Amino acid sequence: MTVGLVAATPVVLVVAVFPQQILQLLAGRAFTEAAGVMIVLVLARAIALIGPPCSSAISALGHPSRSMAANLFASLVFLSAMPWLLQRYGLMGAGIQALGQAILASGLLVLLVWRSSMGR
């Protein structure tokens with residue numbers, strides 16, 4: 001879990017410092033206004049790196065269904081909120097949805113690993 005977050009940190013920092021330049025290089029000038037959303041989406045993906053090691057740990061501790069339930073719950077909560085977020089915040093609503101889902105899923109998975117390991 002730590003290695004993935006450490007490896008993602010420079011990527012998040014580069015995207016946070018040069019978002020418009022990166023978007024212009026990858027997609028053209030027309031997309032540079034989406035720089036803020038790109039920063040939030042990259043941050044969400046970095047936070048989501050917590051999930052896979054936690055899911056593996058939960059499975060190794062004998063509770064694979066808990067991992068699936070946590071991910072499904074986070075997806076259902078934030079996907080159902082997506083229309084409202086898009087209407088309220090526009091394009092940034094998609095970034096908020098991705099960030100919220102990553103935080104909720106990762107938080108639930110960390111909690112489940114902690115609780116499952118305490119029972120051992």
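Everything quoted here is computed from the prediction, not taken from an experiment.
- Nearest heavy atoms, Ala46 versus Ala8: CB-CB, 4.0 Å.
- For the pair Arg45 and Leu41, the minimum side-chain heavy-atom distance is 4.5 Å or more.
- Here the closest non-hydrogen pair linking Ile58 and His63 is CG2-O, 2.8 Å.
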Test side chain to side chain contact (heavy atoms under 4.5 Å, CB included) applied to Ser55 and Asn71, step by step: CA-CA 9 Å; Ser55 291; Asn71 283 301; 4.0 Å; yes
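- Minimum interatomic distance between Cys54 and Val110 (heavy atoms only, all atoms of both residues): SG-CG2, 3.8 Å.
- Across every non-hydrogen atom of Trp114 and Ser117, the tightest pair is O-OG, 2.9 Å.
- The structure places CG of Leu79 at 5.0 Å from CD of Gln97, a figure rounded to the nearest 0.5 Å.
- The side-chain hydrogen bond (donor to acceptor under 3.5 Å, both in side chains) check on Thr9 picks up nothing, with sequence neighbours excluded.
- Between Arg29 atom CZ and Leu23 atom CG the span is 12.5 Å, to the nearest 0.5 Å.
- No single ILVMFWY cluster, assembled from side-chain heavy atoms under 4.5 Å apart, contains both Met82 and Tyr89.
- Rounded to the nearest 0.5 Å, atoms OG1 (Thr32) and CG (Leu25) are 12.5 Å apart.
- At most 12 heavy atoms of other shown residues, nucleotides or ligands fall within 6.0 angstrom of atom CD in Glu33.
- Between Leu109 and Ser67 there is a side-chain heavy-atom pair separated by less than 4.5 Å.
- Under the 4.5 Å side-chain heavy-atom criterion for ILVMFWY residues, a single connected hydrophobic cluster contains both Val40 and Leu91.
- A distance of 12.0 Å separates CG in Leu108 from CD1 in Ile50, rounded to the nearest 0.5 Å.
- If you take CG on Leu111 and CZ on Arg66, they are separated by 10.0 Å, rounding to the nearest 0.5 Å.
- Hydrophobic cluster membership is shared by Phe18 and Val42, with clusters built from Ile, Leu, Val, Met, Phe, Trp and Tyr side chains linked at under 4.5 angstrom.
- Following chains of ILVMFWY side-chain contacts shorter than 4.5 Å, one can reach Leu85 starting from Met92, so the two form part of one hydrophobic cluster.
- Put simply, CD on Gln101 and CG on Leu76 are 9.0 Å apart, with the number rounded to the nearest 0.5 Å.
- Placement of Leu86 and Phe31 in two distinct hydrophobic clusters is found when ILVMFWY residues are connected by side-chain heavy-atom separations under 4.5 Å, directly or transitively.
- Gln20 approaches Ala35 most closely through the heavy-atom pair CG-CB, 3.7 Å.
- For the side-chain contact (heavy atoms from CB on, under 4.5 Å) test with Ile47, the passing option among Leu99, Leu104, Val12 is Leu99; the others fail.
- Annotation: side-chain hydrogen bond (donor to acceptor under 3.5 Å, both in side chains) contacts of Ser106 (sequence neighbours excluded): none.
- Two residues are said to be in side-chain contact when any heavy atoms from C-beta on lie closer than 4.5 Å; Val14 and Ile22 meet this criterion.
- Using a 4.5 Å heavy-atom threshold, the side chains of Phe73 and Phe78 count as separate.
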